[in-house]
Amino acid sequence: MKVKLAQKLGFCFGVRRAIKLAEKNKGGFTLGPLIHNYQEINRLKRDFDVELKEDYNDIKDNTTLIIRTHGIPKQDLTHIRKKHVRIVDATCPFVTKPQQIVEQMSKEGYEIVIFGDQEHPEIKGVMSYAQNTATVVANLDELKTHSFKRKVALISQTTKQIDKFSQIANYLIENCTEVRVFNTICNATFDNQRAARELSKEVDVMIVVGGKTSSNTKQLLMIALEHCKDSYLIEDENEIEPSWFVGKTLCGITAGASTPDWIVQNVHKYIEAI
């Protein structure tokens, strides 16, 4: 059996930047997971003494706080700035942009609609920048259960699929008087999804490597399943089942934007050794 890697996979710019900042600020703390990959978080803790905190009240004075790639709610940042804490902002610039858009559009009187997962930390952060309540929808059917005012501004979670975002945008344009559409899906998401789609069309088994809580990794799995029914999501090589490859001739591998190269390499070597 042959193994083929997707042309684009793994760490995006924002994640790579956050990892470098964490390594540079040895002994710091993150509020929530820096990225959605616990193997890499454990490596940072082991090699660079970067600790994970879930509550900003647990962060002591005179320490360094590294803000996660997904950002944090505006009110949490306000509280943190009142403490004697050195802040290193590792928020991905592609996440900062929708925060700014939501804040500006809500000030101008637009009702905010966000295509995304309401419980995702990125969306919780983005929502906090709205002057009034923002409406978060996971799909077109959910959007149709809401009614909106005359002026609507639409953004997307950075890791969503463009075709589903377009469906939501078209529906709002057809049903609202004024619609501002901001495509806030990041370029790395486009590239990784396109490469995964192309590869899944030519293989007979597809492995998606990444955190189970990672939105962009789950999107890659959904795309792979559209073209290759034998597609599997794993966090590392320990989750691989040899039975997946029985009778297969070509295995494809892709990885989420929070998946480090060393995990992808471990998976690749493991599959080749089967």
Residue pair [X] / [Y], side-chain heavy-atom distance below 4.5 Å:
{"X": "Asn192", "Y": "Thr254", "answer": "no"}
{"X": "Met127", "Y": "Val102", "answer": "no"}
{"X": "Met222", "Y": "Lys218", "answer": "no"}
{"X": "Pro33", "Y": "Leu52", "answer": "yes"}
{"X": "Gln157", "Y": "Ile114", "answer": "no"}
{"X": "Arg43", "Y": "Phe48", "answer": "yes"}
{"X": "Leu65", "Y": "Tyr56", "answer": "no"}

Check the hydrophobic clustering (I, L, V, M, F, W, Y; side-chain heavy atoms under 4.5 Å; chains of links allowed) and say if [X] and [Y] are grouped together.
{"X": "Met206", "Y": "Leu250", "result": "yes"}
{"X": "Ile274", "Y": "Ile253", "result": "yes"}
{"X": "Leu77", "Y": "Val88", "result": "no"}

Judged by atom type as modelled, is there a donor-acceptor pair below 3.5 Å linking the side chain of [X] to the main-chain atoms of [Y]?
{"X": "Thr217", "Y": "Thr213", "value": "no"}
{"X": "Asp58", "Y": "Lys53", "value": "no"}
{"X": "Glu111", "Y": "Lys149", "value": "yes"}
{"X": "His84", "Y": "Asn62", "value": "no"}
{"X": "Ser128", "Y": "Pro73", "value": "no"}

I want to check a possible cation-pi pair here: Lys160 against Phe115, using under 6.0 Å from ring centre and within 45° of the ring axis as the test.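 Because its charged atom sits under 6.0 Å from the ring centre and within 45° of the axis, Lys160 does stack over Phe115.
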
Go through it in stages, so that I can follow the logic: the residues are Ile207 and Phe245, the test is side chain to side chain contact (heavy atoms under 4.5 Å, CB included), and I'd like the CA-CA distance, side-chain angles, deciding distance and then a yes or no. CA-CA 11 Å; Ile207 303 299; Phe245 309 99; 4.1 Å; yes

Work out which heavy atom in [X] is nearest to a heavy atom in [Y]; give both atom names and the distance.
{"X": "Ser258", "Y": "Val15", "value": "OG-CG2, 3.9 Å"}
{"X": "Leu34", "Y": "Ala90", "value": "CD1-CB, 4.3 Å"}
{"X": "Ala18", "Y": "Thr69", "value": "CB-CG2, 3.1 Å"}
{"X": "Cys251", "Y": "Ile271", "value": "SG-CD1, 4.1 Å"}
{"X": "Ile263", "Y": "Val209", "value": "CG2-CG1, 3.7 Å"}

Evaluate Ile80 against Leu31 for side chain to side chain contact (heavy atoms under 4.5 Å, CB included), listing each step before the verdict. CA-CA 10 Å; Ile80 291 167; Leu31 185 58; 3.8 Å; yes

What is the distance from atom [atom1] of [X] to atom [atom2] of [Y], rounded to the nearest 0.5 Å?
{"X": "Ile35", "Y": "Thr259", "atom1": "CD1", "atom2": "OG1", "result": "8.0 Å"}
{"X": "Lys212", "Y": "Glu235", "atom1": "NZ", "atom2": "CD", "result": "5.0 Å"}
{"X": "Asn266", "Y": "Ile240", "atom1": "CG", "atom2": "CD1", "result": "9.5 Å"}
{"X": "Cys176", "Y": "Arg150", "atom1": "SG", "atom2": "CZ", "result": "10.5 Å"}
{"X": "Arg197", "Y": "Gln161", "atom1": "CZ", "atom2": "CD", "result": "6.0 Å"}
{"X": "Gln99", "Y": "Ile72", "atom1": "CD", "atom2": "CD1", "result": "9.0 Å"}

Can a side-chain donor-acceptor contact be found between [Y] and [X] if the only test is distance below 3.5 angstrom?
{"X": "Asp55", "Y": "Asn57", "value": "yes"}
{"X": "Thr249", "Y": "Asp204", "value": "yes"}
{"X": "His268", "Y": "Glu272", "value": "yes"}
{"X": "Gln100", "Y": "Gln104", "value": "no"}
{"X": "Ser215", "Y": "Thr159", "value": "yes"}

By the definition side-chain contact (heavy atoms from CB on, under 4.5 Å), identify the one residue from Thr64, Leu44, Ile19 that meets it with Val50.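 The option that passes is Leu44.
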
Which donor-acceptor pairs under 3.5 Å do the side chains of residues 179-190 make with protein atoms, sequence neighbours left out?
{"from": "Asn183", "atom 1": "OD1", "to": "Ile185", "atom 2": "N", "distance (Å)": "3.2"}
{"from": "Thr184", "atom 1": "OG1", "to": "Ser156", "atom 2": "N", "distance (Å)": "2.9"}
{"from": "Thr184", "atom 1": "OG1", "to": "Ser156", "atom 2": "O", "distance (Å)": "2.5"}
{"from": "Thr189", "atom 1": "OG1", "to": "Thr158", "atom 2": "O", "distance (Å)": "3.1"}

So does [X] have more than 12 non-hydrogen atoms from other groups sitting under 6.0 Å from [atom1]?
{"X": "Glu202", "atom1": "CD", "value": "yes"}
{"X": "Lys83", "atom1": "NZ", "value": "yes"}
{"X": "Lys151", "atom1": "NZ", "value": "yes"}

Listed pairs under 3.5 Å, donor-acceptor, residues 226-234 side chains, sequence neighbours left out:
{"from": "Asp230", "atom 1": "OD2", "to": "Lys248", "atom 2": "NZ", "distance (Å)": "2.6"}
{"from": "Ser231", "atom 1": "OG", "to": "Cys228", "atom 2": "O", "distance (Å)": "2.6"}

State plainly whether the residues Lys20 and Glu23 are in salt-bridge range, i.e. N to O under 4.0 Å.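 No, Lys20 and Glu23 are not salt-bridged.
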
So does Glu122 pair up with Arg68, basic N to acidic O under 4.0 Å?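 Judged by the 4.0 Å cut-off on N to carboxylate O distance, Glu122 and Arg68 do not form a salt bridge.
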
Once the angle between the rings of His120 and His70 is folded into 0 to 90°, is it parallel (under 30°), tilted (30 to 60°) or perpendicular (over 60°)?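 Judged by the thresholds at 30° and 60°, the geometry between His120 and His70 is perpendicular.
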
Under the side chain to side chain contact (heavy atoms under 4.5 Å, CB included) rule, what do Ile112 and Tyr129 come out as? Steps first, then yes or no, please. CA-CA 10 Å; Ile112 305 299; Tyr129 283 82; over 6 Å; no

Any chance you could lay out the side chain to side chain contact (heavy atoms under 4.5 Å, CB included) test for Phe148 and Leu143, step after step, and finish with the verdict? CA-CA 10 Å; Phe148 300 100; Leu143 178 72; 3.5 Å; yes

